[in-house]
Structure formats: C-alpha cells, structure tokens
Amino acid sequence: MRSSESINRRINFNSFLRLFEVLLEHLFYSVFIGDDHRARHTPLVVNLSLVIIIAYLITRDLGSWIDKLVGVLILVAYVVLEIRFVYLKSLFIISMIPTLWYGFLAFIFRPNIIASLDVMIRVFVISFSTLVFLQLINPVELSWLINKVKSGSRYSLYPNLIWRVSPHILKDLKSALMISRLKNTDISRSLAVGILVLDEYSDFYEEGLASRDEINSFYWYDIFESLKLLILFLLGFIYIIIRVVML
Amino acid sequence: MSNGLSVKIRGLSLLYDTNEVLRSLDLELGSGEIILITGYSGSGKTSLLRILLGSIPKIFPGVINGYFQPDIEVLNKLTFYLPQEPWFGVASPYVWSEISTVAKIPDINTVGKVLDKFDLSHLINRSTYTLSAGEIQRILIILALLSNKRILLLDEPTSYLDEHNANLFVELVSRLSREMGVGLVIIDHRIDLWSRYVDNIYVLDKGKIEDYSNSSYEKIYRLYIDKIHSLKRDLAGERRDRCLEFRMSGFKYPGSGRLLLRELEGELCYGNIILIKGPSGSGKSTLLKILIERILDKRYRDEVYIKYRNISEGKVKRDIMYIPDNPLLFFTEPTVNEELSGSIDLLKKLGVPENRSSLSIKRLSSGERRRVALLSAVARGGRLLFIDEPTVGLDPYNKYLYLRFIRELASEKNYGFIIASHDPHIELIADEIIRIN
C-alpha cells in the first residue's frame with residue numbers, strides 16, 4: 001500500500017511535472033505538427049526578414065511609439081495572412097513564458113509597471129513572431145537549400161530528420177513524464193531513461209533508413225503566398241528606411 | 001518481369017559477447033521467392049534480418065561467420081528493410097517529400113500519380129508523423145518497390161495492424177512482390193495470415209533454422225493458441241461493482257479539423273479486462289491517454305464525462321498505471337532487479353529467465369520489456385492498468401503466459417485492465433469490448 005506521505009509527495013511532484021508536460025505539449029503543437037500547406041512554400045529568407053523587421057521595430061528606439069505599433073501591426077498582418085495555419089493558443093502560451101520571466105526580472109531591477117510592460121510587449125512580440133516563423137519553416141526547403149549549396153552534403157539530412165524525429169521524441173517524453181508521476185519516481189530517472197530511448201531511437205532510425213540511397217527531395221515555392229509575404233516585408237522595410245532617413 | 005535475386009547462405013553464425021545467437025544456419029532464397037521465418041521471442045529472427053540488411057555489425061554489435069552468395073556486402077546493398085516499428089523507416093516530414101526522395105521524382109504531379117496508383121493520393125500533403133502504422137507501411141512498400149531493390153526484409157510487419165488491414169497488407173505485398181519479381185524475407189508470428197502466400201516457412205529455434213512442417217514449433221504454436229482460447233472459460237471474469245463510467249462527446253487534436261474520436265461510452269471496472277478495439281489509426285491509444293489524463297488531471301472535461309461508482313476518485317488515481325506501446329518508456333531504473341524492487345521471483349510467472357534480472361533494461365528484447373513492464377506495474381501497486389498493445393512481438397507461448405497472468409489478476413485479485421489493441425487473442429479473454437470505428 002502507498003503511504004499518505006508518499007501520496008502527498010506525489011501530489012506536489014505532480015504539479016511540477018504537470019506544468020512541464022503542458023509546456024512540452026504546447027511546444028509540440030506550436031512548432032512540429034501540421035500537414036504541408038501553401039504557406040510552408042514561401043521563401044525562408046522572406047519569412048526570416050519579416051521577423052528581423054518586426055524585432056527591429058519593436059526593440060530599436062527610433063524615436064516614436066508609432067514604430068512599435070507598426071512592428072505589432074506587421075506581426076498581426078503576418079499572423080492574419082497565415083491564420084489558417086498557426087496554432088494560436090499554443091503559440092500564445094509558449095510566448096508568455098519568456099514574456100512573464102523578463103517582465104518579472106525587469107520589475108525586480110526597476111519597480112516601474114510601465115517599464116516592465118514595455119519589456120513584456122517587446123519580448124512577447126519577438127517570441128511570438130519567432131514561433132510563427134518556426135511554424136512556417138519548411139524543413140524540406142532547408143534540406144533543399146543545403147543541398148543546393150553543397151550537393152550531397154550529409155547536413156542536408158538534418159532539417160528533415162529533426163522535424164521528423166522531434167515530435168516523436170516529444171510525445172514519448174510526455175508519456176515518460178506521465179509514467180514517472182504514476183510511479184512516483186524522481187524526474188531525473190525518467191530523464192535518464194529518456195537518454196536511453198534517444199540512443200535506441202538513433203540506432204533504429206539509422207537502421208530503418210539504411211536501405212535508402214537517396215534522401216533529398218525537390219521543393220517548390222508558391223508564388224501567390226510568397227508575394228503576399230514579400231509585399232508585407234517591403235512595406236516594413238520602406239517604413240524603416242523612411243524613419244532612419246527622418247532621424 | 002523478373003527482378004529477383006537468388007541468395008544462398010551456408011554455415012552462418014553470429015556471436016554477440018559470448019552468446020551464439022545464430023548457429024550453423026543454412027538458408028536459400030530463390031529469385032522472387034517469398035519465405036516466412038517464425039519462432040520464439042529471442043530466437044535470433046531479427047538478428048538474421050539485420051545481417052541481411054547489414055545493420056549487424058554496422059549499427060549493432062556482433063561477429064558474423066559464414067558463406068554468402070552473393071557476397072554479403074553486395075547483398076546488403078540489394079535489400080530494403082521495413083522495420084517492425086514502421087515509423088523508424090520514414091525520414092521526411094511529409095508524404096510527398098518521402099515519396100520523392102527514394103524515387104527521385106522531380107515534381108509534385110508525378111508524386112500524386114504514384115500515390116494514386118496505390119489509392120493513397122489523399123495522403124499527399126499529410127505530415128508523416130500523423131500517419132497510422134498501416135498507412136506508413138503502405139508508404140514504405142511503395143518506397144521499397146520504387147527503390148529497385150531486389151529483396152524486401154519485413155520485420156513483423158503486421159504487428160501494429162488490425163485483422164482487416166493485416167489481411168490487406170499481406171495480400172498487397174505478396175501480389176506486388178510476385179508482379180515485380182522481388183524476393184521477400186518475412187519475420188512474423190502470424191503464420192495463418194501468411195501461409196497461403198509464402199513459398200516456404202522456417203522456424204528459428206535456439207539459433208538454428210528448420211522447416212516449419214518438420215518442427216515441434218507447429219504443435220506448440222497450435223497448443224498455445226488453443227490454450228488462449230480456453231483462458232476465459234477457465235478463469236471467467238465476474239461483473240464487479242467498483243467501476244468508472246465514461247461518456248465521450250468527441251475529440252480532435254488542436255488545430256486539426258478532423259474528429260479523431262466520436263461519441264463513445266463505456267465502463268472500466270475493477271476485476272474486468274476491457275479491450276479498446278479498432279482499426280489502425282482509429283484513436284485507440286489516444287482514447288487510453290485521454291482517459292488517464294481526464295482521471296488524473298481533470299483535463300478534457302468538456303469532452304469526457306466520468307462518474308465513479310462505489311469507488312473514490314482518489315483511490316482510482318492511486319491505482320492507475322500506464323504501460324505505453326513502447327515499454328522502454330515505462331522504466332525508471334537501470335536494471336530489471338531494481339525496476340522490480342527485488343521481486344525477481346515474479347519473472348518466472350511470465351517466462352522471463354531469472355538470470356535476466358541483473359541485465360540492463362536496454363539489453364532486454366522487446367517482448368521481455370513488455371513482460372517486465374507489466375510485472376513492475378504490479379509490483380509498484382498499480383491495480384487499474386492501462387496498457388497499449390501489450391502483445392506485439394510475443395510468440396504464442398509467451399503471449400499465453402502474459403494473457404493468463406492478467407486474466408488471473410483480474411479474476412482472482414480484482415485488478416482492472418484497460419487494454420488498447422487489435423490483437424484478436426485479447427478479445428478472447430476480455431470481459432467488455434469498446435469498439436472504435
């Protein structure tokens with residue numbers, strides 16, 4: 001029979017593990033799952049440039065709060081253009097983790113609510129736009145680009161494999177944490193087994209793919225989706241140029 | 001079209017540490033022939049496939065001796081492998097990119113046409129992560145055929161398939177193999193399923209190979225299948241009072257438009273074995289996890305209604321244990337002895353030799369892990385056990401021991417079992433069946 005002390009310990013432990021499990025699940029939903037779609041056939045460089053523009057407008061002091069507002073508006077437009085494809089709830093929850101942490105730190109060092117809010121908005125916008133970017137990355141494009149730069153490079157395997165294997169591992173890690181709670185064992189033991197699992201999966205994937213002579217795929221861009229993002233990028237870019245010239 | 005290759009192996013032996021896993025094994029595979037290799041868990045079946053593939057000694061350790069025609073390195077390059085857990089054979093995040101890699105297809109329309117030939121064009125944009133085991137296996141078969149390899153190595157390919165899909169798979173792969181002249185080496189316990197389609201059936205026993213019809217394995221196979229059939233009659237389950245009633249309105253993953261589980265209801269009672277049954281990819285494992293999370297953390301309250309009858313919620317929470325389909329995830333200790341907290345006498349109940357107790361969990365075979373995980377769950381006080389695919393990879397003898405053990409625990413000690421599986425043998429010992437369509 002399990003003692004009441006053990007049960008109490010289990011309840012406290014459960015709360016911590018539960019939080020970790022929920023975060024893992026949202027990371028899983030926010031980045032790795034989802035079928036292929038047109039929004040994932042837009043150039044990586046345009047998506048990345050958009051995130052850089054948003055981060056620039058929200059963090060650099062160009063002299064007016066309107067700049068920050070424009071940064072937020074570009075992020076909103078970025079999400080709205082691809083709204084069918086992103087898991088907003090999970091993106092929101094994951095973005096709130098660094099946001100709250102930095103907001104808390106800012107308040108500790110400088111107890112001013114407005115200043116803390118300012119920090120929180122900046123961190124949230126950057127985290128959120130980075131996650132949207134990660135959501136829209138197409139690993140096949142990354143592999144294709146690496147292969148273009150250096151044909152036959154083994155590095156071209158990695159993006160595809162990371163996107164393929166990560167959800168598998170995250171799902172299993174979540175199961176292992178749930179089992180750890182049920183068995184009332186130390187989390188470090190689950191993590192140790194997690195390493196065993198990783199080691200075994202790496203052998204199994206290597207074996208499962210041993211018969212392959214070719215691992216690279218073709219890739220294509222969706223003109224319409226790419227144009228939408230390119231226009232958004234150009235609008236942001238022109239705004240920054242104007243502001244810098246005005247300064 | 002004959003694309004096949006004849007293979008002759010003489011005096012094959014495999015040494016791992018000091019254990020002789022395979023001993024003086026002779027095997028022949030004619031051009032385009034289909035052979036089935038069966039045998040007890042741990043008899044060296046997977047090791048034989050790994051030698052043909054080349055993953056022993058390249059990935060897994062072992063010393064090989066023997067004569068091969070063609071040469072072993074040539075043979076390794078001519079084989080295509082379908083792993084028992086088919087998801088390990090997929091390298092790409094989407095179906096279209098997976099197909100295009102192996103076949104070197106240059107555009108999406110051609111990929112669509114290839115998939116269309118196999119009635120799988122609806123999967124073209126799907127994330128490979130979200131495919132069911134049956135869907136992945138069909139994709140892998142397409143890849144194998146497009147790869148121009150001469151021999152397909154199938155390691156327990158029907159393990160994760162329900163009866164209907166297993167029959168479809170066996171028929172499909174046998175037909176395509178005949179049409180394309182590709183040889184098949186299959187490892188499986190489900191002899192009845194394959195017997196109509198294969199040219200020869202062999203048994204591997206203690207590292208040696210023999211003809212199935214001349215071996216004692218056939219009699220033992222039949223004996224234990226019959227014994228499984230009589231288990232429920234011998235150890236009948238009674239309807240018990242302490243139950244959880246559940247009603248599910250439907251469930252879908254966040255961001256997914258597809259309803260994975262529709263309206264469902266059932267009772268999970270102590271003293272009973274409840275089987276969640278349904279085709280591959282129907283959501284059996286998901287239902288298992290949703291129920292656990294609903295009970296433990298009160299998640300999915302909008303989707304699942306639960307009523308406790310003659311038992312407290314706290315007691316149920318303390319009694320739950322969960323063994324996933326990958327039993328390695330269940331372990332939290334490095335060795336069998338530590339995992340069982342010293343209760344190694346339990347091992348013999350499930351046919352695991354006691355000398356395995358000092359072994360690292362990693363050294364156990366998949367079937368041994370399943371059995372040790374069950375013993376550990378019981379040793380740690382679990383009385384309401386949720387188990388996902390418990391009999392995958394178990395030979396009839398070990399399956400019989402496993403099923404008898406849980407039937408005894410349910411009937412005589414009032415344990416509750418909720419099992420997600422498509423194994424028809426579990427249906428024979430279950431008190432209730434929840435069917436998912």
Side-chain angles (χ1 to χ4, degrees), chain A residues 1-2 7 10 14 18 29 32-37 85-87 89-90 138-140 143 157 160-161 163-164 167-168 171-172 175-176 178-186 189-190 192-194 196-197 199-201 203-220, chain B residues 50 53-55 58-60 79-81 83 85-94 96-98 100-102 104-108 125-130 144 147 149 253-255 289 292-293 296-297 314 318 320-324 326 328-334 361-362 376 380-382:
Chain A
M1 291 292 281
R2 295 167 185 179
I7 292 160
R10 177 172 168 156
N14 280 356
R18 184 74 209 113
Y29 286 132
F32 291 110
I33 67 164
D35 296 342
D36 193 24
H37 47 69
F85 310 124
V86 292
Y87 303 112
K89 186 179 160 193
S90 293
N138 196 324
V140 184
S143 290
L157 239 182
N160 275 339
L161 268 182
W163 255 257
R164 165 74 198 143
H168 197 167
K171 189 190 86 173
D172 282 353
S175 291
M178 182 203 270
I179 289 161
S180 192
R181 281 203 288 151
L182 292 170
K183 288 170 83 176
N184 194 20
T185 49
D186 197 288
R189 293 193 177 275
S190 279
V193 172
L196 261 186
V197 172
D199 185 37
E200 192 161 279
Y201 280 9
D203 287 345
F204 285 169
Y205 269 107
E206 194 178 347
E207 181 183 52
L209 304 176
S211 326
R212 307 292 186 90
D213 299 325
E214 180 62 56
I215 35 91
N216 284 303
S217 163
F218 65 90
Y219 182 75
W220 76 98
Chain B
R50 284 180 168 161
L53 175 70
S55 59
K58 285 178 198 153
I59 303 169
F60 301 100
T79 55
F80 194 98
Y81 177 59
E85 279 92 9
W87 37 91
F88 289 121
V90 177
S92 193
Y94 309 116
W96 68 264
S97 53
E98 185 68 13
S100 74
T101 55
V102 172
K104 297 173 191 160
I105 296 174
D107 65 87
I108 193 75
N125 285 324
R126 277 275 291 277
S127 154
T128 48
Y129 177 74
T130 63
S147 70
K149 301 280 182 171
Y253 281 116
K289 283 191 199 164
I292 298 172
E293 291 190 47
L296 281 185
D297 305 317
R318 290 194 295 277
I320 287 182
M321 280 285 173
Y322 167 58
I323 304 176
N326 178 359
L328 186 58
L329 299 171
F330 183 81
F331 298 113
T332 43
E333 306 295 335
I361 293 294
K362 205 183 170 204
S376 169
R380 286 163 186 272

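- If you take CG on N184(A) and CZ on R318(B), they are separated by 12.0 Å, rounding to the nearest 0.5 Å.
- Judged purely by atom type and a 3.5 angstrom limit, K58(B) has no side-chain atom pairing as donor or acceptor with the backbone of E207(A).
- With salt bridges taken as basic N to acidic carboxylate O contacts below 4.0 Å, none links E200(A) and K362(B).
- Side chains of L53(B) and S211(A) form a contact here, defined as non-hydrogen atoms less than 4.5 Å apart.
- No hydrogens or angles considered: nothing links the side chains of S217(A) and S97(B) as a donor-acceptor pair under 3.5 Å.
- Comparing I292(B), T128(B), I323(B) by heavy-atom pairs within less than 4.5 Å of chain A, the highest count is held by T128(B).
- Side-chain rings of W96(B) and F218(A) approach one another, their centers coming within less than 6.0 Å.
- Using cut-offs of 30° and 60° on the angle between ring planes, the pair Y129(B) and H168(A) is tilted.
- Looking at P139(A), the atoms closer than 4.5 Å to chain B (heavy atoms on both sides) all sit in the side chain, from C-beta outward.
- Counting only heavy atoms from C-beta outward, the side chains of L328(B) and D172(A) never approach each other to under 4.5 Å.
- Counting only distance, with no hydrogens or angles, the side chain of R164(A) and the backbone of W87(B) share a donor-acceptor pair below 3.5 Å.
- Checked against salt bridge (Lys or Arg N to Asp or Glu O under 4.0 Å), D203(A) has no partners two or more places apart in sequence or in another chain.
- Ring geometry for F88(B) versus Y205(A): interplanar angle over 60°, hence perpendicular rather than tilted (30 to 60°).
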